[in-house]
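None of these values were measured; they are calculated from a predicted model.
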Amino acid sequence: MNDLELLNEQQKDAVLHTEGPLLILAGAGSGKTRVLTYRIAHLIETCGVNPWNILAITFTNKAAGEMRERVDRLVGFGSESIWVSTFHSACVRILHRYIDRIGYDNRFTIYDTEDQKTVMKNVCGRLQTDTKLFKEQKLLNIISHAKNEYKPPEEFKLDAKGDFWMEKAAEAYVEYQKELEKNNALDFDDLLMKTVELFQSCPDVLEYYQDRFRYVLVDEYQDTNTVQFKFLSLLAEKYKNLCVVGDDDQSIYKFRGANIENILNFEKVFPNARTVKLEQNYRSTQNILDAANSVISHNKGRKEKVLWTDNGPGKPIVCRQFQTGYEEAEYIAGDIRKKMEEKAEHYKDFAVLYRTNAQSRLFEEKFLMANIPYKIVGGVNFYSRKEIKDVLAYLKTIDNGKDDLAVRRIINVPRRGIGSVTLNKVQSYADAQGMSFFEALEDMDTVPGLGKAALKIQPFVHLIHACRLKLSDISVKGLIEEILDQTGYVRDLKAEETEEAEARLGNIDELLNKAAAYEEQAAEPDLRGFLEEVALVADIDSLEDGDNRVLLMTLHSAKGLEFPYVYMAGMEDGIFPSYMSIAAENAVQEIEEERRLCYVGITRAMKELTMTAARARKVRGENQYNNISRFILEVPSDLVGRGTPCNAPAVRPSQKDMAHARAKEAFKAKTFDPQQFKVVKADSLEYKVGDRVSHVKFGKGTVLEIADGGRDYEVKVDFEKVGVKRMFASFARLKKVESL
DNA sequence: TTTCCTGAATTTTTT
DNA sequence: ATTCAGGAAA
């Protein structure tokens with residue numbers, strides 16, 4: 001049911017203005033998602049718009065998932081035919097249908113960052129580029145930037161005339177793009193670029209989608225780049241029903257080509273655009289808002305906004321500085337524990353935000369020790385783990401033998417005794433014949449100079465052929481199992497008997513689950529559909545509602561989310577704002593972007609905000625000493641709680657307190673996951689002092705001490721890698737490796 | 001020829 | 001800390 005009475009005047013305005021372009025300037029927490037979802041519901045229920053004609057676009061999968069859920073709840077029947085997706089996945093869907101119109105094969109594959117780097121390495125090798133002077137990553141950044149500006153190689157080349165650096169980059173761009181085309185692959189930026197190209201060169205396709213998506217809604221509009229803007233304006237050209245929501249203060253993707261002009265020029269491109277401002281904040285307390293306002297006010301050249309709230313002042317902001325990052329993490333773990341006990345909140349009400357993914361490690365360790373269920377969002381992509389990429393490369397090869405990168409990745413995985421010399425011979429043969437790498441492999445008998453190596457290649461080619469034959473009558477999950485079985489991949493891992501192999505096996509299991517889940521959920525599940533889904537999703541599981549865990553993530557991925565209790569960790573100059581931005585040529589702008597990021601972080605908090613810093617922390621193995629972040633100093637001191645000054649010495653909870661808290665928690669937290677938290681004191685332990693044991697996280701170690709703690713045994717172990725740890729036996733789940 | 005081992009280099013943020 | 005390139009052993 002769509003109850004407009006729940007909206008304020010401005011929100012209602014935005015919902016009811018259904019025809020024509022609409023720009024919603026929405027401050028943080030002003031209920032923009034609510035406006036978007038209500039607007040969709042209103043379009044369908046009141047205006048009789050067919051759900052099929054609505055496209056809602058977001059930036060991240062997480063945001064898309066959230067929006068999807070809310071739309072489903074509000075709209076109910078028919079909501080599944082609304083497209084709610086990210087720019088990239090919308091483009092993939094379009095391209096899979098029509099990219100043959102601009103000379104690609106519809107069975108293209110998508111290259112991730114790692115693949116891009118591999119391609120660029122090849123290109124640099126071929127062009128004899130000195131990669132000391134022109135770093136691959138640097139070149140890729142330039143290319144990405146060009147693509148975000150919708151500049152194809154030819155045009156880029158013209159622009160580069162006269163500039164030695166840019167001419168070199170242009171050369172790389174041309175070659176890089178050729179290589180992608182040869183492999184029938186697109187990189188992330190191509191997805192947008194090729195879609196726009198498709199629209200511009202095939203008016204009939206464009207018109208089809210214009211008619212299809214008569215109503216387009218865009219979230220986080222301030223982060224759109226030039227191609228995305230082109231994409232949107234082309235789509236909306238015919239009916240002009242484009243509704244965009246944005247906040248210039250939350251623009252944090254300039255590094256990815258976000259173009260703030262898109263918001264400022266909206267009214268120019270769409271002349272009779274209506275603009276609505278949402279300024280009432282429903283999320284945070286006044287203290288949190290004041291802190292956010294004060295920080296962001298240090299930026300020049302922004303649209304002044306007056307955010308206000310009906311919520312009371314709330315708790316003061318907590319700022320603390322610790323000696324080390326270690327203590328910082330310990331404090332946060334302890335504080336979450338404390339709040340859980342005092343207020344009986346849910347774990348999912350807490351979030352720890354940091355600047356870089358690398359910072360998650362410390363928290364992971366401490367949370368594991370304190371038995372706080374947590375989930376790390378982002379970081380090392382599930383799908384970029386080695387074993388997963390291997391399996392996916394097999395799938396890609398089976399689906400589309402044109403992807404040389406995938407074929408080359410797995411030709412010798414697991415070991416088939418095929419080395420680089422053989423590969424080079426095959427590659428030159430393929431190049432000479434103008435065929436793909438896999439086709440050359442199929443032709444192995446005619447490849448000159450292969451000799452015995454051909455015999456090693458044969459089983460691989462057979463395997464792929466056999467799988468292709470089975471394709472039509474086997475599930476994706478079955479296919480993966482077949483591959484794992486035939487190649488002995490799982491067998492080899494099991495034989496390794498290391499922690500690492502164990503983890504890899506676990507990941508493979510997760511992939512199998514994912515495949516099974518895909519087949520259940522998809523209308524017409526097939527291999528390509530699976531690969532497509534997997535290519536654009538970083539994390540294996542989106543957040544489920546019942547998933548009661550503390551979230552750990554970067555400030556970037558926190559955008560669009562909200563939590564009652566937010567911890568911003570690592571608030572140090574050099575970390576946040578990052579060293580890169582401070583040292584940059586255009587430091588002023590770079591730091592302003594960081595400050596917006598800080599603004600985003602602060603405004604995630606609903607009830608309480610804690611900012612922490614460490615005097616010293618390990619960065620890349622070395623100790624780094626940092627000052628308190630300038631952003632903390634920009635928070636007015638009267639908002640910061642007394643008794644918790646920034647330079648307060650770290651209060652380290654004693655071991656006994658921690659142990660006590662843990663035991664208590666274990667008793668209380670049964671509702672979360674009885675399996676995990678049930679404390680059953682074993683009659684005796686399978687290991688004794690002096691035994692070698694292994695722990696899931698810490699690896700192998702020696703038992704130093706076992707103390708009977710009443711409810712449970714407390715075990716002290718000296719781990720090889722991480723040193724002495726104390727833990728409860730039932731939590732640690734140590735396995736005996738060998739006896740004394 | 002392939003594999004294994006050692007020393008060097010390297011990291012913001014996301015799709 | 002972890003990955004990557006280059007050289008020596010098998």
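- By the salt bridge (charged side-chain N to carboxylate O under 4.0 Å, His left out) test, A:R302 is found to be paired with A:D249, A:E304, residues two or more places apart in sequence or in another chain being considered.
- A:F631 has its ring centre no less than 6.0 Å from the ring centre of A:H298.
- Closest to the A:R361 side chain, of the nucleotides B:dT1, B:dT13, C:dT2, is C:dT2.
- Ring-plane geometry between A:W83 and A:Y209 is classed as tilted, the angle between the planes lying from 30 to 60 degrees on a 0 to 90 degree scale.
- Panel note: side chain A:R93, backbone A:S89; no donor-acceptor pair is recorded below 3.5 Å.
- Nearest nucleotide to the A:S557 side chain, out of B:dT11, B:dT14, B:dT1: B:dT14.
- Between A:F87 and A:F59, the distance from one ring center to the other falls under 6.0 angstrom.
- At a threshold of 4.0 angstrom between heavy atoms, the contacts of A:N412 are confined to the sugar-phosphate backbone, with no base atom among them.
- Counting non-hydrogen atoms under 4.0 angstrom, A:K386 reaches nothing in the nucleic acid.
- Distance A:R416 CZ to B:dT2 P: 14 Å, rounded to the nearest Å.
- Applying the 4.0 Å criterion to OP1 and OP2 of B:dT10, one finds that A:K135 has a side-chain N or O inside that range.
- No engagement by A:F576 is indicated, since no non-hydrogen atom pair under 4.0 Å with the nucleic acid exists.
- Remark: C1' of B:dT11 and CD of A:Q359 are 12 Å apart, rounded to the nearest angstrom.
- Along DNA chain B, the nucleotide nearest A:R415 and the nucleotide nearest A:E590 are compared for position; the residue whose nucleotide lies closer to the 5' end is A:R415.
- A pairwise comparison of heavy atoms in A:N412 and A:G417 identifies OD1-N, 3.2 Å as the closest pair.
- Residue order along DNA chain B, read from the 5' end via each residue's closest nucleotide, puts A:K456 first among A:S89 and A:K456.
- Among the heavy atoms of the strands lying under 4.0 Å from A:I418 are primed sugar atoms or P, OP1, OP2 only; no base atom is included.
- The side chain of A:Y253 has B:dT14 as its nearest neighbour among B:dT12, B:dT15, B:dT14.
- The side chain of A:F255 approaches B:dT14 more closely than any other nucleotide in the set C:dT2, B:dT14, B:dT15.
- Here A:E533 pairs with A:K514 under the salt bridge (charged side-chain N to carboxylate O under 4.0 Å, His left out) rule; sequence neighbours left out.
- The distance between atom CZ of A:R256 and atom C1' of B:dT15, rounded to the nearest whole Å, is 6 Å.
- Nucleic acid contact for A:K254: none, since no nucleic acid atom lies under 4.0 Å from a heavy atom of the residue.
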Taking N or O atoms only and anything under 3.5 Å, show me the protein contacts with nucleotides 4-6 of chain C, one pair per line.
unit_1, atom_1, unit_2, atom_2, d
C:dA5, OP1, A:K121, NZ, 3.0

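- As a whole-Å value, the separation of A:I252 CD1 from B:dT13 P is 13 Å.
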